[in-house]
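Below is one structure; the comments refer to it alone.
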Amino acid sequence: MDSNITRITVKEREREIPVAASVDVLVLGSGPAGVSAAIQAGREGVKTLIIEQTGDIGGISTAGLMSHWTGNTKGGIYEEILTRSADIYNEADETFNGGMRQVINPERLKTVYLEMLGEANVGIMLYTFASSPIMDGDKIIGVITESKSGRLAVLAKIIIDATGDGDIAAKAGVPYFTGRESDGKMQPATLMFKVAGVDTDRAVFPGAFEDHIQIPLKDKKALADGKTATEDIQKLGEENLPSPSGHVLLYRSTLPGVVTCNMTNAIGIDGTKAEDLTKAYINCRFQMDKIVEFLRSFVPGFENCYVISSASLIGIRETRHFKGEETITEKDILEARVFEDWIVTKASFNFDVHNMSGNGLDETGVQKGFRQKKGYTIPYGCFVPLKVDNLYLAGRNISGTHMAHSNYRVMPICANMGQGVGIAASICVKKNTIPRKLDYHLVQERLRELGVEP
């Protein structure tokens with residue numbers, strides 16, 4: 001750093017900011033929640049624009065190189081996205097374990113998203129970062145954006161923050177807490193990557209931390225007696241991979257010989273800070289070669305594997321939990337609660353809490369042992385933030401507890417969040433009202449017309 005730099009702050013010269021667009025509904029972030037909200041709002045006939053800071057629509061589902069649609073719902077826009085984007089589709093497959101339709105081909109999915117947005121007449125701004133809110137008292141009326149085109153303003157009647165971290169909601173003054181309630185720690189980050197050259201006929205695919213697959217042990221000393229020795233693949237990973245990596249999660253792709261690896265791990269990361277995102281990316285990047293070396297040395301079918309691609313967007317699981325008119329809890333999920341003001345239905349997953357101090361599953365997490373199979377609903381009030389009007393939340397930033405979040409944060413559930421919020425936003429525009437005063441029955445009526453039932 002230049003030792004001559006002594007200024008603590010600099011003063012920016014006041015200037016006028018051009019208004020690039022004025023729309024009915026503005027969606028920030030194009031992950032499954034955001035893109036679904038924009039598609040549905042556009043379908044409802046209101047002028048809609050989506051802003052995305054990267055060059056791809058889809059967030060973690062595309063730029064994040066996610067392996068598959070983790071978790072499940074029944075009905076809603078998620079089913080449509082799945083049907084249109086699946087390389088291998090079987091109507092009988094209802095869960096990831098039941099078949100291949102939930103496996104993501106990210107290149108195909110990018111195109112499907114663009115097709116669906118185009119069909120709904122949604123405007124798209126890529127390579128654009130929503131940097132700050134434009135406020136009129138307690139109402140948000142637009143955002144300031146930054147891009148190669150300069151600093152521009154976009155005005156809107158209703159804004160949906162689907163940025164994952166809730167960047168605009170936070171700057172607008174919506175109250176929130178980060179991570180788990182007891183200590184603020186957040187789930188670790190991951191950089192997904194793919195390897196090719198895998199003999200998938202011989203390969204094993206542990207898909208959960210609780211998958212303790214026995215594989216042949218290649219240790220010569222252990223094999224000296226001529227007997228075939230085996231060892232738990234997760235134990236081998238923990239013993240041979242550099243900390244904080246250590247778990248083994250491998251998923252089939254739809255391409256021959258290609259496998260997606262969910263094995264890098266960065267702990268102690270605050271995904272709302274650019275410096276932490278940088279650190280997480282670098283740390284995970286340097287773990288990849290060690291992981292490939294481990295796969296070649298220990299895992300059947302991976303003897304000749306090599307990296308062919310890695311995510312351009314690091315996977316952040318948890319940051320801000322905003323406070324809304326209602327808050328969904330662990331108890332609500334365990335009781336399969338059907339809220340009176342539901343707008344997301346038949347959500348189904350587990351308590352997927354990754355270890356915040358190392359690898360594997362946190363002691364509070366439950367994957368295969370999760371017994372609540374009925375699904376649950378998410379109420380309208382979780383999407384309506386306190387203190388700020390004209391604003392909706394959608395995705396992992398909604399109003400929920402740390403444990404509840406570990407369940408609803410997954411992409412199928414987030415997609416259907418987006419659909420419900422997109423409908424709500426369009427009704428607010430048509431009725432000239434604000435989210436806090438909207439009659440949620442109107443949203444439910446429209447969802448029922450689209451086949452969504454509690």
How many angstroms lie between [atom1] in [X] and [atom2] in [Y], if you round to the nearest 0.5 Å?
X	Y	atom1	atom2	answer
Thr128	Leu28	OG1	CG	11.0 Å
Gln40	Gln419	CD	CD	4.5 Å
Leu442	Leu447	CG	CG	11.0 Å

Less than 3.5 Å apart, any donor N or O on the side chain of [X] or [Y] sitting next to an acceptor on the other?
X	Y	value
Thr200	Arg252	no
Gln287	Asn265	no
Glu335	Tyr376	no

What do you reckon, is [atom1] of [X] surrounded by more than 12 foreign heavy atoms closer than 6.0 Å?
X	atom1	value
Lys290	NZ	no
Asp183	CG	yes
Glu146	CD	yes
Lys373	NZ	yes
Glu363	CD	no
Lys430	NZ	yes

Which one of [options] satisfies the side-chain contact (heavy atoms from CB on, under 4.5 Å) criterion with [X]?
X	options	value
Asp161	Val421, Val143, Ile168, Ile140	Ile168
Asn105	Val112, Thr62, Thr254	Thr254
Thr73	Val410, Ile413, Leu82, Thr345	Ile413
Pro435	Ile158, Ile427, Leu391, Leu393	Ile158

Legend entry - Side chains of Phe383 and Met417 in contact at under 4.5 Å (non-hydrogen atoms): yes

Centroid separation [X] to [Y] less than 6.0 Å:
X	Y	answer
Phe370	Phe351	yes
Tyr78	Trp69	yes
His402	Phe177	no

Ion pair check, [X] and [Y], cut-off under 4.0 Å:
X	Y	result
Asp332	Arg337	yes
Lys346	Glu453	no
Arg396	Asp165	yes
Lys235	Glu238	no
Glu318	Arg409	no
Glu80	Arg43	yes
Arg108	Asp87	yes
Asp389	Lys139	no
Arg84	Glu119	yes
Lys110	Glu107	yes

Legend entry - Heavy-atom donor-acceptor pair, Gln372 side chain to Leu334 backbone, under 3.5 Å: no

Inset, instruction - Say whether, by atom type as modelled, one donor and one acceptor occur between the side chain of Ser399 and the main chain of Glu326 under 3.5 angstrom. - result: yes

Legend entry - Partner set under side-chain contact (heavy atoms from CB on, under 4.5 Å) for Ala170, not counting sequence neighbours: Tyr176, Arg320, Phe322

Inset, instruction - In sequence, state the C-alpha distance, the side-chain angles, and the governing distance for Glu445 and Arg448, and then conclude on salt bridge (charged side-chain N to carboxylate O under 4.0 Å, His left out). - result: CA-CA 5 Å; Glu445 287 173 10; Arg448 281 194 161 107; over 6 Å; no

Inset, instruction - Give the C-alpha distance, both sets of side-chain angles, the deciding distance and a yes or no for side chain to side chain contact (heavy atoms under 4.5 Å, CB included) between Met411 and Thr70. - result: CA-CA 7 Å; Met411 299 190 310; Thr70 307; over 6 Å; no

Inset, instruction - Applying side chain to side chain donor-acceptor pair (under 3.5 Å) between Asp352 and each of Gln187, Arg317, Gln367, report the one that passes. - result: Gln367

Legend entry - Pair Arg180-Thr401, side chain to side chain donor-acceptor pair (under 3.5 Å): steps then yes or no: CA-CA 8 Å; Arg180 62 185 174 193; Thr401 64; over 6 Å; no

